[in-house]
Amino acid sequence: MTDPTPALFRPGLAAPGFAAPAEGSASAPVIVAIDGPAGSGKSSVSKATAARLGYGFLDTGAAYRALAWHALEHGVDTSDSTAVLEVFGDFDYAISLDTTDRWVRVGGVDVTTAIREPRVTDAVSGVARVGAVRQAVNQLFRRLVASAALRGVVVEGRDITTVVFPDAPVRILLTAAPEVRAARRSAELTDQDAAKVAAALHKRDAADSTVVDFLTAAEGVEVVDSTHLDFEQTVDAVLNVVDSTMGARDGR
Ligand code: DC
């Protein structure tokens, strides 16, 4: 099969609403990389952190979810990695990095809501397990961020601090105790049974952790444990890490 990466990369659609930098002032955006397991609050905390910093926000899990959605549309068994790789060939993916205008599209179809459906959530681990898919998707993330006309981007996902952006100036592992994560997830999904949500979360953690170790901080990665913090306190804790890390880097 041919390299699918170019079909994935739609820089023109990456971040509408953001002005291009003035001529001569273009520089690579500062990357704040945030890892963590499901229910750690990483998605909403990362988005709020990005908004407070005036940065863009890249939810990397959305790419895996969108690919799972795409595979399901093609009637593909997402546990079959060969079949997943095949449908990846025409996976035309675009995502907004704007914190106030969030959307995800596949082949021009808005899948922002559809990729959160339980059928996609159930299928996504199979897709995220395919090594060749991960490599191409990781390249897409790097190119999306590098081409964004932004001062900075908060990038969140499970291997962001270790695999995708190991050299990011700020790298954070957001954790929380498993029972707290399960409770938060079930509060988000009010239409689903709490015990079932907890069981699904533990199953997904187990499946995902065979691919990426997102529960242990790599060297140089700061841990923010949100077990005893509310949402605003967690955002403040993350912002403190950003401030102290950037301050140390800039000699402040
Ligand atoms: O964060 P999320 O629940 O939207 O992630 C969806 C899936 O994609 C989940 O199974 C973890 C996986 N994922 C990954 O393997 N690597 C990433 N950088 C982001 C998500």
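Keep in mind that what you see is a predicted model, and the values were worked out from it rather than measured.
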Heavy-atom closest contact (V153 atom, F57 atom, distance)
CG1-N, 4.2 Å
Is the closest side-chain donor-acceptor distance between S96 and D101 under 3.5 Å?
no
Measure the spacing between CZ of F141 and CG of D59 and express it to the nearest 0.5 Å.
8.5 Å
After noting the C-alpha distance and the side-chain angles of R102 and K47, does the key distance pass the side chain to side chain contact (heavy atoms under 4.5 Å, CB included) rule?
CA-CA 10 Å; R102 316 265 331 122; K47 190 166 63 171; 3.7 Å; yes
Quick check for you: to the nearest 0.5 Å, what is the distance between L72 atom CG and D122 atom CG?
9.5 Å
Do the side chain of Y93 and the main chain of A63 share a donor and acceptor less than 3.5 angstrom apart?
yes
Any side-chain heavy-atom pair of V104 and D110 under 4.5 Å
no
Donor-acceptor check, side chain of S81 to backbone of V130, threshold 3.5 angstrom: yes or no?
no
Start with the C-alpha distance between L239 and L53, add both sets of side-chain angles, then the distance that settles side chain to side chain contact (heavy atoms under 4.5 Å, CB included), and finish with yes or no.
CA-CA 8 Å; L239 285 167; L53 290 167; 3.7 Å; yes
Listed by chain and number, what are the side-chain hydrogen bond (donor to acceptor under 3.5 Å, both in side chains) partners of D225, not counting sequence neighbours?
T227
Distance-minimising heavy-atom pair for V76 and V84:
CG1-N, 4.2 Å
Compare all side-chain heavy atoms of I34 with those of V154 and state whether any distance is below 4.5 angstrom.
yes
Apply side chain to side chain contact (heavy atoms under 4.5 Å, CB included) to the pair L150 and Y55, showing each step before the final yes or no.
CA-CA 7 Å; L150 297 167; Y55 284 8; over 6 Å; no
Answer with yes or no whether the hydrophobic clustering places V242 together with L229; edges join I, L, V, M, F, W, Y residues whose side-chain heavy atoms lie under 4.5 Å apart.
no
D243 CG to D236 CG distance, which is reported to the nearest 0.5 Å:
11.5 Å
Please round to the nearest 0.5 Å and tell me the distance separating atom CG of L67 and atom CZ of F88.
6.0 Å
Less than 6.0 angstrom from the centroid, inside 45 degrees of the normal: does R65 satisfy that with respect to the ring of W69?
no
Using a distance-only test with no angle check, is there a side-chain donor-acceptor pair under 3.5 angstrom linking R184 and S226?
yes
Decide whether H70 and D90 meet the rule of one side-chain donor and one side-chain acceptor closer than 3.5 Å.
yes
Provide the closest heavy-atom pair for E156 versus S46 in the form atom of the first, atom of the second, distance.
CB-OG, 3.3 Å
Does one hydrophobic cluster hold both V180 and F231, with members joined at side-chain heavy-atom distances below 4.5 Å?
no
At what distance, to the nearest 0.5 angstrom, does CD1 of I172 lie from CD1 of I160?
13.0 Å
Check: V164 main-chain N/O paired with N138 side-chain donor or acceptor under 3.5 Å
no
Could you go step by step and tell me if L173 and V224 meet the side chain to side chain contact (heavy atoms under 4.5 Å, CB included) rule?
CA-CA 6 Å; L173 177 68; V224 172; over 6 Å; no
Which heavy-atom pair separates A33 from A168 by the least distance, and what is that distance?
CB-CB, 4.1 Å
Closest non-hydrogen atom pair between P169 and T245, with its separation
O-CG2, 3.2 Å
Roughly how far apart are T99 OG1 and L58 CG, rounded to 0.5 Å?
13.0 Å
Would you say K42's side chain and D35's backbone share a donor-acceptor pair under 3.5 angstrom?
no
Say whether, by atom type as modelled, one donor and one acceptor occur between the side chain of Q233 and the main chain of D230 under 3.5 angstrom.
yes
Heavy atoms, side chains only, cut-off 4.5 Å: are R151 and P29 in contact?
no
Report yes if the side chains of M246 and V30 come closer than 4.5 Å at any heavy-atom pair, otherwise no.
yes
Sidechain-backbone polar pair: R171 side chain, T161 backbone, donor-acceptor under 3.5 Å
yes
Please report the closest heavy-atom contact between A48 and V235, naming both atoms and the distance.
CB-CG2, 3.8 Å
